[in-house]
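Given the structure is predicted, the values throughout are model-derived calculations rather than measurements.
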Amino acid sequence: MTERRKQFPFDQFEPKWQAIWEKNKTFAVANPGDADFDASKPKYFVLDMYPYPSGSGLHVGHPEGYTATDIIGRFKARSGYNVLHPMGWDAFGLPAEQHAIKTGEHPRINTANNIENFRRQLKSLGFAYDWDREINTTDPEYVKWTQWIFLQLYNSYFDEKTQQARPVSELEEQGLSRDEIDELRLAYVAETPVNWSPDLGTVLANEEVEEWRAKGHTVERRPLRQWMLRITAYAQRLIDELDDLDWPEGIKLLQKNWIGRSDGAEVTFQIGDQSVTVFTTRPDTLYGATYMVLAPEHPLVDDIASDEQKQAIADYRVKCGAKSDLERTELAKEKSGVFTGGYAVNPVNGEKIPVWIADYVLMSYGTGAIMAVPAHDQRDFEFAQQYDIPMIEVVNSENLSDITSTQTNHGQDAHATGGADATCFSGEGIAINSPMFEGLTTAEAKEKICAWLEEKGLGGKMVNYKMRDWLFSRQRYWGEPFPIVWRDGKHEALAESELPLLAPELEDYKPSGTPEPLLSKATDWVNCGEGLKRETNTMPQWAGSCWYYLRYCDAKNSERFVSREAEDYWMNVDLYIGGTEHAVLHLLYARFWHKVLHDLGHVSTKEPFQKLVNQGLIMGEDGVKMSKSRGNVVNPDDVVEGYGADALRLYEMFMGPLEQVKPWSMKGVEGVYRFLGRVWRLVMEVDQEGNWSMLSKVKVADCDKKTLKVLHQTIKKVSEDIESLSFNTAISQMMVCTNELNKLEVLPLSAVEILLSVLNPFAPHLSEELHSILAEAFPDAISGELSQSDWPQWEEVFLIEDEIEIVVQVNGKLRDRITVSKDADKDEVEKLVLDRDKVKEHIDGKTVRKVIVVPGRLVNVVAN
RNA sequence: GCCGAUGUGGCGGAAUUGGUAGACGCAGCAGACUUAAAAUCUGCUUCUCAUUUUGGGAGUGCGGGUUCGAUUCCCGCCGUCGGCACCA
């Protein structure tokens, strides 16, 4: 392939243009306040999800989204916008540290090398980034502001009344104690069961467990003292404020489900002289509660356990504690539990029901206790069957006709008898065996019981969220240290002036195998003063990515994380493109930080990312996900080497819709490469020595009608398709246009210029090169660079045809075509059609019932 | 199990306020150029029936429905991919 003569000398002009752009800072954009800032233009902030600079370099999946944003950015810039299109590095991360463990080399070095490689690769693709705004999350200047934002969280609490973050200084003024305040901070310390991975030497967030487990690492649960971020405080706002965002509905739903709001009630039961509160979404089934279940870890278990059950309880707890989360769910087929010996009193009827512990009730959700209604809850039902606990039906599933038509009547003929084949009915219906609200619908019964509970002080409506607080500390080396010191067992924030706090150099990076963070090895660093010890945990990789988009607005500011002026001008991000793998975590975390910064008055918008688009995964040629082990990974460097950056960019966009999953095809790359070759040869010819020169058929000349039509169709289609991110169809239109121009004996300069102009965002090097060749040949007609020129406008007048072909159908079947003038009226067309031989043939012996004329499109003759 | 996507030629994919299904590209076939090949250019290319052109029929996962007309709208299934998974 590389031996073959190239269709066009991309290996010469691509590096040439890249060098020109770099030297001239062609794509640098000014900020408000800068000398060359043009305030008259609207702004457009188009953002890629920045990469983790891995050792294996760029993958063909990266340039998919990057090319899309590049086309948009170049298009917007030429359409009169100030465009912010930056790039940077999510450079903290475990792989660099793993490398350090193996080689002893500081992760900083490995990271710097990888970044250099990534930058080289991205530059070889000709992306119009403003490289002056490049950021690196491991840069001390960046770390400084990540730590500063952490301190904002640390020094804030969530005010329930206004649903906003407020400075904790307000609590001090209210006279709250130090301990009380520490309970309320958005960044707080808690002893919680965490996911500890001995071989990684760190704890992981719940959300990360699966990912690392899939990579073969072990993860176990154990209680540890950790930094947490109170993201749960924002649960409702994180749901509500999705509404105004232009995101795929599926992604919004994914986030909503992750946050997992459920509306229900809390109900307090008496157990002897203790009381226990349960959470239920079905308070209407209170009469059907035949037992209660506490989570095995529930603090009340010891108090209510009878002496004869104590041993069984202890044994069961040991068994549960040993189970990892995975095992707990994998063994979910069979329910297990132990009777505590205690009984709870159902507040609604005074019945005594047995209290059990079982691991299907989680301490971390709701109140860690449930009322079990086996007749109407699948899990309770299975448990009751297992332990032979009685069931009471309290919702009638029959005669539901108009209340619940399809979704809830699957258990209709089941009568909850506890028999082996019985099923339970978990849908809505009419309350029965429930004296207080006999005959009411589920919704009505819920209202009534909640009102009653509230009146009696036994509970009431309650909302719960599935989402947990964010476990924010890691025991790694290669992350931001917490700007915190400990004095007498209490944490204190470093002063802003002490930031950034950088990690000390270490002898080696090997994990100790205990949950003691790596930084604790650096005793000189840890003991930083009389009675002072530094926090030795570090922040997770997510920290840097929670605010990087803000830093791009003002990447070199040393006074503030972003100047108010720059933030106010550039935010929000108008278009954010990246993979679905970040649909929940990154996007949720970043939204959370952004809201905190907004509440505290540091940023002007409620949400960071106005429009979100997920690019689809690119599969290998074999249709499965690219992976080293399968050997189906395509390296962009090889594609650039063989076909050029423009061909790679064009192919990435031509493959299919941006959001769709699609397989790679080298043949497809060749296809677009050939197309670029055709565009090149529209203007250029080669001699036997392989030297290119301009063709003489390119002339200053007028375009004929047909050419004007296809040119203006192309401007229109490409403009509209870029706006709707339909790059594949934009490219096919440019192919159509090229094929038309190729047929011309004389190629008018203006025609080829239009084609190059719309091709420019897609294939910036080739279009710019041809443009410069034409400029040299026709200095009076052409000048400047395409990337700096105005985007062409189409004129409708060239699109209209005088005569239109109309399709003729008889009974919906295509039978004929006629050509009529563009303003022929309906009657005229109808007459014409009925006079056609082919139409007569097909309506022979039938009566014409109706003639449907769709102006400019078709005529359908209905006859029988 | 639940939620969300998706299903169109040999392949990637076009086309939806309902109006010519298969644009564009790949692969394939034929031709031109060439000593030859590559490259390039031109033509054909959903399936099927018919002796040929003209032509007939079928066709957008499957089965129904609405309509003059359905890839597009409605109802019911099936397959593939992704996410969640005892959250009370």
Partner nucleotide of [N] by Watson-Crick or wobble geometry (both distances under 3.5 Å):
N	value
B:G55	B:C49
B:C73	B:G65
B:U40	B:A32
B:G10	B:C26

- Note on the structure: Taking B:A88, B:C86, B:G19 as options, the one with an atom nearest any side-chain atom of A:Lys335 is B:C86

Donor-acceptor pairs under 3.5 angstrom involving side-chain atoms of residues 646-657 of chain A: please list them, not counting sequence neighbours.
from: A:Asp646; atom 1: OD1; to: A:His765; atom 2: N; distance (Å): 3.4
from: A:Asp646; atom 1: OD1; to: A:His765; atom 2: ND1; distance (Å): 2.8
from: A:Asp646; atom 1: OD2; to: A:His765; atom 2: N; distance (Å): 3.4
from: A:Asp646; atom 1: OD2; to: A:Leu766; atom 2: N; distance (Å): 2.7
from: A:Arg649; atom 1: NE; to: A:Phe762; atom 2: O; distance (Å): 3.0
from: A:Arg649; atom 1: NH1; to: A:Asp70; atom 2: OD2; distance (Å): 3.0
from: A:Arg649; atom 1: NH1; to: A:Leu125; atom 2: O; distance (Å): 3.0
from: A:Arg649; atom 1: NH1; to: A:Gly126; atom 2: O; distance (Å): 3.3
from: A:Arg649; atom 1: NH2; to: A:Asp70; atom 2: OD2; distance (Å): 2.7
from: A:Arg649; atom 1: NH2; to: A:Pro761; atom 2: O; distance (Å): 2.8
from: A:Tyr651; atom 1: OH; to: A:Ser665; atom 2: N; distance (Å): 3.0
from: A:Glu652; atom 1: OE1; to: A:Glu64; atom 2: N; distance (Å): 3.4

- Task: Examine B:G13: is either OP1 or OP2 under 4.0 Å from a nitrogen or oxygen in the side chain of A:Gln660? Give yes or no.
- Result: yes

- Query: What interatomic distance, in whole Å, is found between P of B:A58 and the corresponding atom of B:G64?
  - Reply: 15 Å

- Between A:Asn742 and A:Gly366, whichever has its closest RNA chain B nucleotide further toward 5' is A:Asn742

- With syn meaning chi within 90° of zero and anything else anti, the base of B:G76 is anti

- Message: Run the side chain to side chain contact (heavy atoms under 4.5 Å, CB included) test on A:Thr281 and A:Asp263 for me, step by step, so that the C-alpha distance in whole Å, both residues' side-chain angles and the decisive distance to 0.1 Å come before the verdict.
- Response: CA-CA 6 Å; A:Thr281 53; A:Asp263 287 82; over 6 Å; no

- Could you encode protein contacts along nucleotides 21-29 of chain B as a string, one character per nucleotide from 5' to 3', using B for base contact, S for sugar-phosphate-only contact and - for no contact, with a heavy-atom cut-off of under 4.0 Å? --BBSSS--

